[in-house]
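Each remark here refers to the structure printed beneath this line.
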Amino acid sequence: MQQFNKGFIYFICLVSAMGGLLFGYDWVVIGGAKPFYELFFGISDSPLMQGVAMTTALVGCLVGAMVAGSAADKFGRKPLLMVSAVLFTVSAIATGLFNDFTLFNIARFIGGIGIGVASALAPMYIAEVSPADIRGRMVSLNQMTIVLGILGAQIVNMLLARDTSVAESQAWNVSWGWRWMFWAETLPAALFLVMSFFIPESPVYLRLKNAKAAKPKDNEAGMKELLRPKYRRVLLLGLVIAVFQQWCGTNVIFNYAQEIFVGAGFDVDGMFINIVITGIANVVFTFVALYTIEKWGRRTLILLGAGGLGLTYLILGTCYFVGVKGMLMVMLVVAAISIYAMTLGPVTWTLLAEIFPNHLRGVAMATCTFALWVGCCTLTFSFPSMNAALGSSGTFWIYSAICLCAFVFLWRRCPETKGKSLEQLEQELVSEK
């Protein structure tokens, strides 16, 4: 029986997962900075410019995800992880430094490229270096660092935001507070860059590189290959899982927490406290996922997530419709976050890293990650308009319907992958008709 140095595997997976930590922080920090930089840049009364500021990084995610697959197949997984660390560092410094709204968005765009690269590469690298019996847990470790990054951003935002009822404190928030929220990312970004020098290249990439050198014509892989009929079924599954993780609606709670909690009757200070509560629930139930993903399996968890969120959003939308406010609304939001954290959050990245053949994993992960960020971008940009046109009740009812439709699709199409080698999964999934 083949033996593995699990301590070393945990180390290299943890280093790779630091990309997830920065992904989570960079993605959510803007939600806490939002009330203050909008005043600084004078866009508080411009929904269009607010949408631009919130989605610029997501557009960068699309670019990063689009180039990550081919670049990882050409240059390797490790160099791309190092590139993402550099992009995170530059963006963290520049976003808080600029006084011009255009330059602010350029800095956010650079950070978005880093998110796109890290979100595609980190779970793929972890899946390729992990033994089958702990692969799900290891890839879920990436989700754990994402939610820790989210919680870190929420705590930093709460600690830096001074009492908004005091004029001097509000002035500090508008002038400097939002800047330090972004600058706080610099330290973990620099640490990620340093630590990435100590991890090896993915053994799957090295095998593919050697195979291509020996038989280049027989080992060409790309989008044309991925679109061949025998791969279309698994590609469709990956695309649906990726987009659904975003369009399930949970992520608007992180990006538009201000609107959601204010709509539930809370002031700005109460909003920050509730955001941290949701962040703690996110971390706790991601820990639950680390233990259940290998016991319950990927299929069970993703179905539980789709069905559970569908029901929760149905109740949440109804509560908004009848005017319920206060702690019940917080409890429903925490329930939604908890369900997501132990199901769709980690399981999506695990399945995407597992279901594709080795020689197509780079381009397939990039394609699905690109689709994921298209879903995230459209979700984030559409929420203010949907919320204004339909109200919070109608918006969450739509998310409920999406979740229930996804449940039906996944019940019919999503296989169980736990405990199987990547090579075994390739044989099973590609051979399906």
Side-chain angles (χ1 to χ4, degrees), residues 4 6 9-10 13-14 16-17 20-21 23-24 119 122-124 126-127 129-151 237-238 240-242 244-246 248-251 253-254 277-313 331-355 372 403-404 406-407 409-422 424-425 428-429:
F4 299 95
K6 289 191 175 181
I9 291 173
Y10 275 103
C13 288
L14 184 61
S16 176
L21 179 79
F23 161 13
S119 61
M124 179 170 67
I126 294 171
V129 301
S130 301
D133 62 329
I134 60 170
R135 188 177 59 240
R137 187 174 299 131
M138 290 296 93
V139 178
S140 296
L141 181 66
N142 182 67
Q143 180 66 20
M144 172 57 69
T145 59
I146 292 174
V147 300
L148 287 173
I150 290 172
L151 179 60
L237 175 63
V240 170
I241 291 172
F244 173 55
Q245 193 211 44
Q246 297 302 310
C248 72
T250 307
N251 289 330
I253 296 173
F254 296 119
I277 291 173
T278 63
I280 293 172
N282 201 11
V283 171
V284 169
F285 281 88
T286 302
F287 269 114
V288 174
L290 291 178
Y291 291 95
T292 57
I293 195 166
E294 298 295 359
K295 293 183 179 180
W296 295 5
R298 287 58 149 161
R299 174 181 165 83
T300 299
L301 287 178
I302 202 168
L303 290 174
L304 177 63
L309 284 175
L311 179 60
T312 303
Y313 289 146
M331 292 171 63
L332 287 169
V333 169
V334 170
I337 292 293
S338 301
I339 293 170
Y340 175 86
M342 70 174 289
T343 59
L344 295 175
V347 173
T348 293
W349 297 111
T350 302
L351 283 171
L352 292 181
E354 290 178 332
I355 61 177
L372 184 147
C403 290
L404 296 176
F407 178 88
F409 176 88
L410 294 168
W411 177 271
R412 298 180 60 187
R413 295 291 188 91
C414 186
E416 184 51 72
T417 61
K418 71 170 182 176
K420 300 177 181 178
S421 69
L422 297 177
Q424 182 182 354
L425 288 171
E428 293 180 0
L429 297 176

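Worth knowing before you read on, the calculation uses all heavy atoms, side chains too, and leaves out hydrogens, waters and symmetry mates. Just so it is clear, the structure is predicted and the values come from calculations on it, not from any experiment.
The side chain to side chain contact (heavy atoms under 4.5 Å, CB included) check on Leu351 picks up Ile241, Arg298, Ile302, Val347, Glu354, Ile355, Cys414, Thr417, with sequence neighbours excluded. Under the rule for a side chain to side chain donor-acceptor pair (under 3.5 Å), Ser130 has no partner lying at least two apart in sequence or in another chain.
Put simply, the side chain of Trp349 reaches to within 4.5 Å of the side chain of Ile146, judged on heavy atoms. Residues Pro415 and Leu237 form a side-chain contact, since some pair of their non-hydrogen atoms from C-beta on lies under 4.5 Å apart. Phe287 has its side chain within reach of Leu290: a pair of non-hydrogen atoms, C-beta onward, lies under 4.5 Å apart. The closest side-chain heavy-atom distance from Ile9 to Pro131 is below 4.5 Å.
In this structure, the side chain of Lys418 engages the main chain of Lys295 through a donor-acceptor pair within 3.5 Å. One N or O on the side chain of Glu416 and one on the backbone of Arg299 form a donor-acceptor pair closer than 3.5 Å. A donor-acceptor pair under 3.5 Å links the side-chain atoms of Glu294 to the main chain of Arg137, judged by distance alone.
Here the CD atom belonging to Gln143 is positioned 8.0 Å from the OG1 atom belonging to Thr145, to the nearest 0.5 angstrom. Summarising the geometry, atom CZ belonging to Phe285 is positioned 10.5 Å from atom OG1 belonging to Thr292; distances are rounded to the nearest 0.5 Å. The CG atom of Leu21 sits 10.5 Å away from the CG atom of Leu151 when rounded to the nearest 0.5 Å. Atoms CH2 and CG, from Trp296 and Leu303 in turn, are 13.0 Å apart once rounded to the nearest 0.5 Å. Summarising the geometry, atom CG belonging to Asn282 is positioned 12.5 Å from atom CE belonging to Met342; distances are rounded to the nearest 0.5 Å.
The two atoms that bring Thr350 and Ile293 nearest to each other are OG1-CD1, 3.6 Å, heavy atoms only. Across Thr312 and Leu332, no two heavy atoms sit closer than the pair CG2-O, 3.7 Å. The minimum heavy-atom distance between Gly307 and Phe407, with the atom names listed, is N-CD1, 3.8 Å. Contact detail for Val129 and Cys13: the closest heavy-atom pair is CG2-SG, 3.8 Å. Looking at every heavy atom in both residues, Leu309 comes nearest to Ala336 through CD2-O, 3.4 Å. Closest non-hydrogen pair, Leu344 versus Gln245, comes out as O-NE2, 3.4 Å.
Tyr313 and Thr250 share a donor-acceptor pair across their side chains, judged by distance under 3.5 Å alone.
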_As a quick check of understanding, evaluate side chain to side chain contact (heavy atoms under 4.5 Å, CB included) for Phe244 and Leu410, giving each step before the final call._
CA-CA 10 Å; Phe244 173 55; Leu410 294 168; 4.3 Å; yes
*Determine, step by step, whether Val283 and Leu148 satisfy the side chain to side chain contact (heavy atoms under 4.5 Å, CB included) criterion, reporting the C-alpha distance in whole Å, the side-chain angles of both residues, the deciding distance to 0.1 Å, and the verdict.*
CA-CA 6 Å; Val283 171; Leu148 287 173; 3.9 Å; yes
